[in-house]
Amino acid sequence: MLEVWIAAAFFAASVAIVANRLAGWRQREREILNALQDVQATRIAAVRDGNVVKVVGELLYWGRPIVAPLSGRTCAFYSLVILKCEPPFSSGPQEWVELLREERGVDFLVGDGSGVALVRAGVEGTVLSSLVPDKKGSKTSFPNDGLRRLVVDRGLERPLSDVTLRAYEGVLEAGDRVAVGGLGRWHADPEGVGGYREAGLRLVLQGSNSLPLFISDDPKAL
C-alpha cells in the first residue's frame, strides 16, 4: 500500500541520518530532502487517521513563538549549525566540521485550504529539519562578538583566536510555506479552528523517537 511505502521511506531516511551522523554536515539535510521529495503531498482534509503523510501549507503561529539565537528573529522553529575549520590556517586540505547543531521549536499550525493541522514540533528529539540557511555569520581568525557569545552560551568555550568559525541559521516564520512529514492522527478539537475531516476533529502531525517529524521549507520539499 502507498501509506506503508511512505512510512518506510521516512523510517529509512531517519535510519540513514543516524548512520551518517559523522558524515559531511549537509548530509543530514540531503537525507531529509530526499525523503520529502519522494512523497506526494496529501490534502489535510483527505488524511486518513493513523497514516504517515506529507502535508504542505502555510505556517500559522499557535501559542507563543520563540526567538532564533543568531538573528534574533521571532519564529516557530529554528535550526542553527556552527562549523569550525579543521585544521585552521593550514595550507593543506581543510574541512568544515560541525561544532554545534541546535534545533528548537514550538507547536504550530499548517493550513492548505482544505484544513488546518497542528504540528507537534515542540517535542524535543522527535523532529528532523532541513531549513534553508538564510542567515549566516562567519569570522576568520577571531569570531564576531555575537557568534562568540553564542558559542560561549552553549558551553563550547575554547580558545577561539586560532580557529575559523561559520554559523548558519534557518527559521520558520508565520506565512512561510512548509512541508511536514509524519504520523497523522485525528483528535478532538476543543478550539474549533475549522477545516477538518469530520466536525469537531483536528489533524495532528506528530513524531516519535522511532519515526520523527520531517520539516522543511526548501522548495525541493514543497
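Atoms considered below: every heavy atom in the structure, side chains included; atoms not considered: hydrogens, waters and symmetry mates.
- Partners of Arg73 by side chain to side chain donor-acceptor pair (under 3.5 Å), not counting sequence neighbours, listed by chain and number: Ser71, Asp134, Glu169.
- At least one donor-acceptor pair closer than 3.5 Å links the side chain of Lys54 to the backbone N or O of Val39.
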- [ ] For the pair Glu98 and Val81, evaluate side chain to side chain contact (heavy atoms under 4.5 Å, CB included) and give the outcome as yes or no after the intermediate values.
- [x] CA-CA 7 Å; Glu98 189 175 302; Val81 178; 4.2 Å; yes
Open item on the list: Determine whether Leu118 and Trp62 satisfy the following criterion, side chain to side chain contact (heavy atoms under 4.5 Å, CB included), listing intermediate values before the conclusion.
Closed with: CA-CA 8 Å; Leu118 174 61; Trp62 190 73; 3.6 Å; yes
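- In this structure, the side chain of Asn34 does not engage the main chain of Gln37 through any donor-acceptor pair within 3.5 Å.
- Across every non-hydrogen atom of Ala221 and Ala179, the tightest pair is O-CB, 3.6 Å.
- The side chain to side chain donor-acceptor pair (under 3.5 Å) check on Asp218 picks up nothing, with sequence neighbours excluded.
- Between Pro69 and Leu150, the shortest heavy-atom distance links the atoms CB-CD1, 3.7 Å.
- Looking at Tyr78 and Glu102, their side chains do bring a donor and an acceptor atom within 3.5 Å of each other.
- In this structure, the side chain of Thr74 does not engage the main chain of Val67 through any donor-acceptor pair within 3.5 Å.
- Between Lys135 and Glu173, no side-chain nitrogen of the basic residue sits less than 4.0 Å from a carboxylate oxygen of the acidic one, so the salt-bridge criterion is not met.
- The closest side-chain heavy-atom distance from Val52 to Leu211 is below 4.5 Å.
- Side-chain N or O atoms of Asp112 include one that pairs as donor or acceptor with a backbone N or O of Ser114 at under 3.5 Å.
- Note on residues 177-187: pairs passing salt bridge (Lys or Arg N to Asp or Glu O under 4.0 Å), not counting sequence neighbours, are Asp49-Arg185.
- Side-chain contact between Leu60 and Glu58 is present, with heavy atoms from C-beta onward closer than 4.5 Å.
- Put simply, the side chain of Asp217 gets close to the backbone of Val132: a donor and an acceptor are under 3.5 Å apart.
- No single ILVMFWY cluster, assembled from side-chain heavy atoms under 4.5 Å apart, contains both Leu33 and Leu213.
- Evaluation of the salt bridge (Lys or Arg N to Asp or Glu O under 4.0 Å) rule for Glu103 yields Arg28 as partners, not counting sequence neighbours.
- Linking Ile, Leu, Val, Met, Phe, Trp and Tyr whenever their side-chain heavy atoms come within less than 4.5 Å leaves Val171 and Val56 in two separate clusters.
- Side-chain N or O atoms of Arg104 include none that pairs as donor or acceptor with a backbone N or O of Phe77 at under 3.5 Å.
- Applying the side chain to side chain donor-acceptor pair (under 3.5 Å) criterion to Arg120, with sequence neighbours excluded, gives Asp107.
- Residues Leu36 and Phe214 share a closest heavy-atom pair of CD2-CB, 4.0 Å.
- Under the side chain to side chain donor-acceptor pair (under 3.5 Å) criterion, Asp176 pairs with no residue at all, not counting sequence neighbours.
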TODO: Under the side chain to side chain contact (heavy atoms under 4.5 Å, CB included) rule, what do Val110 and Val116 come out as? Steps first, then yes or no, please.
DONE: CA-CA 6 Å; Val110 171; Val116 180; over 6 Å; no
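- Nearest approach of Gly115 to Ile44, heavy atoms of both residues: O-CD1, 3.4 Å.
- No donor-acceptor pair closer than 3.5 Å links the side chain of Ser130 to the backbone N or O of Ser216.
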- [ ] Might you work through the side chain to side chain contact (heavy atoms under 4.5 Å, CB included) test for Leu109 and Leu59, ending with a clear yes or no?
- [x] CA-CA 6 Å; Leu109 301 172; Leu59 187 149; over 6 Å; no
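- Phe108 approaches Ala121 most closely through the heavy-atom pair CE2-CB, 3.6 Å.
- Atom-to-atom distance recorded for Leu183:CG and Ser210:OG is 9.5 Å, nearest 0.5 angstrom.
- Clustering ILVMFWY residues whenever any of their side-chain heavy atoms sit less than 4.5 angstrom apart, transitively, puts Leu128 in a cluster other than the one holding Leu222.
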